[in-house]
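Remarks on the structure that follows.
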There are 2 protein chains.
Amino acid sequence: MSVTGHTRSGGRRPASIRDVATAAGVSHQTVSRVINGHPSVRPATRERVEAAIAQLGFRRSATAHALASGRARTVTVLTSNTVHYGYAAALKGIEEAARAASFAVGIHVLESDDERLVAEALRRAADTGGGLILIAYDRPGVRALELAPADTPLVAAVETPAEPPPAGSPWVWTDDRAAAREATGHLLDLGHRTVHHLAIPSTTRTSGGAQRAAGWRDALSRAGVPAPEPIEGGWEPADGYAAGRRLARDPDVTAVLCGNDDLALGVLRALREAGRAVPDDVSVVGFDDAPHSAYLAPALTTVRLDFAGVGRACFALLHARVEQGEPIAPHPVAEAPRLIVRESTGPAPRR
Amino acid sequence: MSVTGHTRSGGRRPASIRDVATAAGVSHQTVSRVINGHPSVRPATRERVEAAIAQLGFRRSATAHALASGRARTVTVLTSNTVHYGYAAALKGIEEAARAASFAVGIHVLESDDERLVAEALRRAADTGGGLILIAYDRPGVRALELAPADTPLVAAVETPAEPPPAGSPWVWTDDRAAAREATGHLLDLGHRTVHHLAIPSTTRTSGGAQRAAGWRDALSRAGVPAPEPIEGGWEPADGYAAGRRLARDPDVTAVLCGNDDLALGVLRALREAGRAVPDDVSVVGFDDAPHSAYLAPALTTVRLDFAGVGRACFALLHARVEQGEPIAPHPVAEAPRLIVRESTGPAPRR
DNA sequence: GCCAGGATTGTGACCGGTCACACAGGGGCC
DNA sequence: GGCCCCTGTGTGACCGGTCACAATCCTGGC
């Protein structure tokens with residue numbers, strides 16, 4: 001790796017509203033009125049001020065504005081990950097919406113669900129003075145949600161809640177439970193006797209709340225099929241691979257629903273190595289529809305989730321809260337999850 | 001998608017240093033000294049102040065600190081993308097390093113290389129008062145680099161420069177030219193007569209500066225092999241797929257070096273559909289070593305680039321610049337690029 | 001015992017905005 | 001013609017820190 005140095009800057013102090021005021025021959029308060037679009041400024045005055053602003057290249061200091069007004073046009077995203085597709089896509093949605101509203105977006109990674117660390121991260125994020133968006137798809141995120149002081153302005157992207165959340169919870173989700181049900185149904189319709197489930201880690205220790213697993217169970221019980229023990233996987237392809245090797249040994253396994261596409265990727269590889277053909281011997285379904293999933297061999301049947309839409313909705317909700325007084329705009333709706341059938345699923349093998 | 005509402009906050013104003021001062025019976029300036037670790041505060045006084053801080057739950061306002069000191073402990077990342085692996089990984093590295101240094105990190109996406117848009121993005125980013133990190137792997141990023149005023153505190157992650165950069169350029173890169181040379185050499189060593197190249201878009205219109213292509217040319221000319229016309233690809237699997245279909249038709253093509261793993265993914269699929277086996281008929285090499293590449297069928301031979309290391313180095317450089325006066329810490333060095341040979345490359349087919 | 005000088009601490013201005021309120025001028029109404 | 005209200009503008013405090021400098025307290029050296 002290479003690095004090159006840098007030289008020192010020698011710029012002058014940027015223009016403040018008082019500089020502009022002097023240049024335009026008005027008071028600083030009038031300049032403030034102009035930049036904030038206050039109605040009662042005479043057009044002639046406004047023009048003089050605007051000319052001065054242009055001439056001096058004035059830009060309102062976001063810092064000073066935040067300090068004086070108490071409102072920081074800022075949103076900080078707390079997440080445990082920025083590289084995985086779902087997280088990155090949600091971040092993308094948030095950033096888009098924030099940029100459109102002239103909000104700055106900050107990002108802070110939660111490295112673990114350790115209480116002290118998470119609490120400190122929350123404090124640090126709150127220090128910016130803006131709102132918070134939590135990506136609470138996993139332990140660290142959920143922990144942050146639990147630990148956040150009640151009065152912090154925050155919105156969370158969460159898994160589908162097991163039961164209707166308490167009124168007033170600023171939560172956003174897509175119905176992945178229904179989606180899991182649909183995906184499982186798809187496999188059952190193809191004649192598979194049962195469907196195995198390789199789950200992502202559940203966020204709540206007690207309730208085993210993973211709603212993807214719940215949807216899978218729904219479909220199975222609706223079809224009158226006993227649910228095999230779900231397999232606790234992780235998030236990574238390596239986890240899927242490890243689980244896949246075990247699954248591959250069991251000849252009764254003909255259909256696997258994976259908690260995400262990365263797990264499915266690992267499963268696919270394990271099956272291939274074990275000589276079990278996909279979809280002829282085993283069908284595999286993923287979750288998320290990551291960008292590469294359509295190009296795999298075989299192309300992965302998966303559930304497309306609109307993470308970016310969720311991200312945009314999170315921002316919209318937070319924005320409405322922070323900018324109270326503005327009418328709450330109808331939330332931009334994310335697309336409903338949708339099963340994308342590709343090549344990794346097929347009819348159950350004949351016995 | 002579902003969204004639930006939220007309730008209003010009713011918190012009180014957080015404690016300021018003057019509140020702490022009153023509680024501790026000292027002046028606000030003494031409190032300031034304590035929180036900044038100034039040496040000349042009597043231990044007894046320090047303890048009183050610290051007790052008051054703890055009791056009031058005082059946290060220094062980042063906003064006020066930034067305004068008063070003129071230094072915002074903030075770094076804003078300007079990038080055209082947050083989802084692609086290389087970009088996301090670089091961001092991860094930046095965030096890690098920034099968090100360790102108690103810097104906040106902002107993110108701003110450059111949607112195009114349109115001059116006005118990029119200039120406005122730069123201004124907005126500068127408004128935060130902190131430093132800037134540019135991910136200049138593509139047009140929008142490079143455009144931002146060109147357009148940034150000379151006195152902005154910025155560091156850029158760039159492609160390997162074609163020639164030594166002007167002294168003082170705050171640039172960080174890994175030597176992907178050498179890596180491309182190595183990858184091409186690997187294919188040549190396997191007996192392939194020549195190696196085709198599917199390039200990512202080059203950032204500089206005029207020089208065709210993509211150094212991955214240059215490294216590929218280096219290796220070819222060193223081996224005395226004429227370089228076939230490189231193919232202008234894009235960034236996405238779909239682009240690789242399109243190019244791959246054309247490549248598949250030409251029986252002379254037995255080795256392809258792709259500008260990134262996504263392109264390689266598309267090429268792999270196109271070859272498979274065309275009935276050309278990898279690596280038996282055609283060898284394929286990628287670039288980046290994205291997390292899923294090891295699990296593809298076949299597992300992709302690729303060049304591992306330490307994006308996170310580059311990101312950390314960017315931050316270190318910026319930090320040293322902003323915090324001038326501190327000794328410049330030795331830059332954390334990113335790992336050198338390394339060819340990871342997996343399953344997608346093999347001996348040239350016999351004719 | 002006196003004084004220089006470092007250690008400690010306090011005072012008030014300032015960073016660049018916003019906010020609350022005062023004040024001048026002009027038009028409508030009775 | 002006087003009063004009231006609205007429009008347009010200015011004044012000074014304030015947000016929560018930092019900075020420059022002044023003031024006070026100690027301590028050692030002679």
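In what follows, chains are A, B, ... by sequence order, proteins preceding strands, each numbered from 1.
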Has Arg42(A) got a side-chain N or O lying under 4.0 Å from the OP1 or OP2 atom of dT9(D)? yes
Using the closest heavy atom to pick a nucleotide of DNA chain C for each, name whichever of Leu67(B) or Val41(B) lands nearer the 5' end. Val41(B)
So, does Thr63(A) get its side chain near the phosphate of dC15(C), meaning an N or O under 4.0 Å from OP1 or OP2? no
How would you label the contact of Ser16(A) with the nucleic acid (heavy atoms, under 4.0 Å): base, sugar-phosphate, or nothing? sugar-phosphate
Does Ser69(A) make a side-chain N or O approach to OP1 or OP2 of dG17(C) shorter than 4.0 Å? no
Hey, does the side chain of Thr152(A) reach the backbone of Leu154(A) with a donor-acceptor pair shorter than 3.5 angstrom? no
More than 12 non-hydrogen atoms from neighbouring residues, nucleotides or ligands closer than 6.0 Å to CZ on Arg59(A), yes or no? yes
Are any of Arg46(B)'s side-chain N or O atoms less than 4.0 Å away from OP1 or OP2 of dT8(C)? no
State which of dG17(D), dC19(D), dG17(C) makes the closest approach to the side chain of His65(A). dG17(C)
Please tell me if Ser40(B) has a side-chain N or O lying less than 4.0 Å from either OP1 or OP2 of dG6(C). no
Hey, does Arg59(B) reach any base, or is it just sugar-phosphate, or nothing, if we go heavy atoms under 4.0 Å? sugar-phosphate
Touch class at under 4.0 angstrom, heavy-atom based, for Arg33(A) against every strand present: base
Short side-chain N/O contact to dT11(C) OP1/OP2 from Arg18(B), under 4.0 Å: no
